[in-house]
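In what follows, chains carry the letters A, B, and so on, assigned in the order in which the sequence lines appear, proteins first and then strands, with residues in each chain numbered from 1.
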Number of protein chains: 4
Amino acid sequence: MDDTDTKAERTRRRILDAAAHEFAVHGYGGASLRRIAAAAELKVGSLYFHFKTKDDLVGAALADGVESARLQLVAGLRAVPADATPQQRLRAAIRSHLDALHASDDRATAVVRMVDTLPPNLRAAHSTSERRFGRVWLDILRKGQIDGSVRPDVNARVLRDIVVGALNSTSSANPNTLKDLAQFADTLATLVAPPPAAIPSGRR
Amino acid sequence: MDDTDTKAERTRRRILDAAAHEFAVHGYGGASLRRIAAAAELKVGSLYFHFKTKDDLVGAALADGVESARLQLVAGLRAVPADATPQQRLRAAIRSHLDALHASDDRATAVVRMVDTLPPNLRAAHSTSERRFGRVWLDILRKGQIDGSVRPDVNARVLRDIVVGALNSTSSANPNTLKDLAQFADTLATLVAPPPAAIPSGRR
Amino acid sequence: MDDTDTKAERTRRRILDAAAHEFAVHGYGGASLRRIAAAAELKVGSLYFHFKTKDDLVGAALADGVESARLQLVAGLRAVPADATPQQRLRAAIRSHLDALHASDDRATAVVRMVDTLPPNLRAAHSTSERRFGRVWLDILRKGQIDGSVRPDVNARVLRDIVVGALNSTSSANPNTLKDLAQFADTLATLVAPPPAAIPSGRR
Amino acid sequence: MDDTDTKAERTRRRILDAAAHEFAVHGYGGASLRRIAAAAELKVGSLYFHFKTKDDLVGAALADGVESARLQLVAGLRAVPADATPQQRLRAAIRSHLDALHASDDRATAVVRMVDTLPPNLRAAHSTSERRFGRVWLDILRKGQIDGSVRPDVNARVLRDIVVGALNSTSSANPNTLKDLAQFADTLATLVAPPPAAIPSGRR
DNA sequence: AATGAATGAGAATTCATTCAT
DNA sequence: GATGAATGAATTCTCATTCAT
């Protein structure tokens, strides 16, 4: 709808993709507009037609990255068959998050690599979309505590921070073999799941 | 004994501390030798008497940071009274790690903020000390699985990655209230602990 | 008649006005086509429909500015009642010149702010219209030497340079109060007038 | 005394001289640090060892220029023989001012070429030294009104503005022949001098 | 052991200008 | 008549680094 496929729109996309990669590799402070422009097949000056300033581009990349991860998360959940068990839903969420970081482009990774070194103004602007993303995970875990896929004896918010923190920490792992990530996902799901005894009869 | 407190040795310490702060705030790519020198009350050129290049300083700061965290970890464990329960030992470890990130200087934080954007050569050099640090946590968790303070149904190595990942992810949280961190530690300990039912007889 | 009020003509006027302001504020070297375009409510590229190059626009603004000042000068003189004294005519000229710089738009000021830093080619092109303007003042002063409103014991050309120089120098004065300018005009007129004793009898 | 002839001091002088020329030719907005550096036989980056920013250099050049003109003015006056007539003293002042603009380096000219297009902050900083310079001329004229070398029937302050304005306006005149300037000086002195008839016999 | 003074490369940003639409 | 999109050169400024003192 707003996705009018104008030339500018397409160039902007190319820039954002190139920027995501640059930010993912070099972080906020180490990123170079020169390299971003080159990767987007533009001259540096041309970037400024699309983004007023470097921080403007950073802001756009952050929003883009979080939104991309959020969409991947909800899409992953929506793809779970209706008759799936709550456990399967939880695992789908974990898998989606990991996929956003490892199996897709660099948009989500860029966010993880930039957040801790952002200057205050950018951090503030970013926190809004970050919160929105956090709410999705909070929902997942809270519902899980109700439907029995998540242990109910811990604060959901804190649990969310642990889960998301652990997931994001995989971003710096070297070329993760799929197997490693799968095991990571499994283990995390196990930790989050209610302890066996607490699981109502039918579960075993 | 090697702690020869020469003038150079003291200056080197000042530089490393200033560098830790700079790296913690700006990351690898965004750090400036000029600012580091200023914070260490030196002129830029003088840095080169103590470190051959920026990457040399980065390497030293990384080693320093990991070593500092490792020492804080083992010190924290050693401080646990001999008659403490295994659970208490685990919590002490968690607390020590969080303290290294939040209650001490920036040496440990600097590491966390730099690792993901390190250039390959530095990353390689760093991986050794990182592994050494990882082994400490691996030990803790493995022993925990034996003494009953850590759930035995998960791979210790993967569990270690999750725990350390979650702990490190707190480094970007804004001025953490002590309470938040305490709750974070508690919850993490709960997740890692064996599920109540799974703990054989005497435990309940 | 040639004042065909086409759309292009109107836009051109808007550009020239915006340019005058920009040149008055920033001088030749500091002026930006982007700001001029913005002030004229156009995009930069659109300027090029009306002016082939920046220097072309500068040339037009210079001509426009001098012509505006010249017209204001002759208009000011023409407005003097036929029965006015020569002194009144002289004062009217001075007042007109000051008004062009302070009470009107920035067209005359733009000229004053640009002339000394013009590149040779533009300076050459400009000198023609400047000379034309200078001739008006020369006429005024020469006639004044004849009709007794200007002291006859000085070279008219040099006097012109002094008078015009002094008048133009007011352009950089901060928000001139009208009173200041009036006193400036009075004093200048006094200096230029023939010394009392030199005034022929009948004049009183 | 403070003129310690260090290497930095000498380089700074070279930069200021080069800057004066650049500013005199191109004005504030049109000046280029590249050209200044080249003229001072330095690389651009090296300028920053001596001046923190372009505006810092501009500020220094302005102060340097005004001070240079002021010193030339007082030196010119001091050089007048004690038995000289008041008229001769006045002419000496005029000549000194013109010399500062035409016969010396570009330091004074740079000021004249920059003042009207200075950004507010620089203008404010500059106004102080400008006022100090203005006071010298005010003194000259006031004393002149007492000793009979300056007509007493005009406000000294306004007269100062006219005189200085006229003098400064010569800065844009093309390669002034010495003769032109001499005549300019003579004529200006004539205008400023008391009208012959007005000087009553014994200076009553 | 540290400073002073410089360098060359690269940073982000703005410039005037072009040209297809 | 005007805009959208891009370019290449220039802008100021900061970087890590060197080396004589």
Side-chain angles (χ1 to χ4, degrees), chain A residues 6-12 29-37 40-57, chain B residues 6-12 15 29-37 40-58, chain C residues 6-12 15 29-37 40-58, chain D residues 6-12 29-37 40-57:
Chain A
T6 81
K7 186 181 185 195
E9 202 58 50
R10 271 175 284 129
T11 305
R12 199 185 142 92
S32 149
L33 289 189
R34 259 176 159 71
R35 284 191 298 250
I36 292 174
E41 293 181 289
L42 280 173
K43 309 294 164 171
V44 225
S46 309
L47 290 182
Y48 287 79
F49 182 80
H50 302 274
F51 298 94
K52 271 210 287 288
T53 171
K54 185 188 184 182
D55 279 4
D56 193 21
L57 172 55
Chain B
T6 80
K7 183 181 185 194
E9 201 58 48
R10 269 176 286 129
T11 304
R12 195 186 146 92
I15 296 174
S32 149
L33 288 190
R34 270 178 156 77
R35 281 192 299 251
I36 291 174
E41 294 179 291
L42 282 173
K43 311 289 166 177
V44 226
S46 312
L47 292 182
Y48 287 80
F49 182 83
H50 301 273
F51 299 94
K52 270 213 290 285
T53 122
K54 184 187 185 183
D55 280 3
D56 193 22
L57 171 55
V58 169
Chain C
T6 79
K7 185 181 183 193
E9 202 58 47
R10 268 176 286 132
T11 305
R12 196 186 145 91
I15 295 175
S32 149
L33 288 191
R34 269 177 157 78
R35 281 192 300 250
I36 291 173
E41 295 179 291
L42 283 173
K43 312 288 166 176
V44 226
S46 312
L47 292 182
Y48 287 79
F49 182 83
H50 302 274
F51 299 94
K52 271 213 289 284
T53 123
K54 185 187 186 183
D55 279 4
D56 192 22
L57 171 55
V58 169
Chain D
T6 83
K7 186 181 186 195
E9 201 58 49
R10 272 175 283 130
T11 305
R12 200 186 141 92
S32 149
L33 291 187
R34 256 179 161 69
R35 282 190 299 250
I36 292 173
E41 293 180 288
L42 280 173
K43 309 295 165 175
V44 223
S46 308
L47 290 182
Y48 288 81
F49 181 80
H50 302 275
F51 298 94
K52 271 211 285 287
T53 172
K54 185 189 183 181
D55 279 5
D56 192 22
L57 171 55

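- Each of Asp55(C) and Leu42(B) has a nearest nucleotide on DNA chain E; the 5'-most of these lies closest to Leu42(B).
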Output field dot_bracket for DNA chain E (Watson-Crick or G-U, both distances under 3.5 Å, | for other-strand pairs) contains .||||||||||||||||||||
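- Atom NZ of Lys54(A) and atom P of dT12(F) are 21 Å apart (whole Å).
- Every residue two or more places apart in sequence or in another chain that forms a salt bridge (Lys or Arg N to Asp or Glu O under 4.0 Å) with Arg35(C) is listed here: Glu22(C).
- A heavy atom lying under 4.0 Å from DNA chain F marks the following residues of residues 44-52 of chain A, by number: Gly45(A), Ser46(A), Phe49(A), His50(A).
- Heavy atoms of Ala37(C) sit nowhere under 4.0 angstrom from any nucleic acid atom.
- Across the protein-nucleic acid pair, Lys43(D) atom NZ and dC13(F) atom C1' stand 17 Å apart, rounded to whole Å.
- Heavy-atom nearest nucleotides on DNA chain E were determined for Gly30(C) and for Ser32(A), and the one closer to the 5' end corresponds to Ser32(A).
- OP1 or OP2 of dC13(F) has at least one side-chain nitrogen or oxygen of Thr53(D) nearer than 4.0 Å.
- The footprint of chain C on DNA chain E, defined by a heavy-atom cutoff below 4.0 Å, extends from dC15(E) to dT18(E).
- A donor-acceptor contact under 3.5 angstrom links the side-chain atoms of Arg34(B) to the base of dA16(F).
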Which side-chain N or O atoms in residues 42-54 of chain B pair as donor and acceptor under 3.5 Å with protein atoms at least two apart or in another chain?
unit_1   : atom_1 : unit_2   : atom_2 : d
Ser46(B) : OG     : Lys43(B) : O      : 3.3
Thr53(B) : OG1    : Asp55(B) : N      : 2.9
Lys54(B) : NZ     : Ala31(B) : O      : 3.0

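- For the pair Arg35(B) and Lys7(A), nearest-nucleotide mapping onto DNA chain F gives the more 5' position to Lys7(A).
- Contacts of Ala40(B) with the nucleic acid, taken as non-hydrogen atoms under 4.0 Å apart, are absent.
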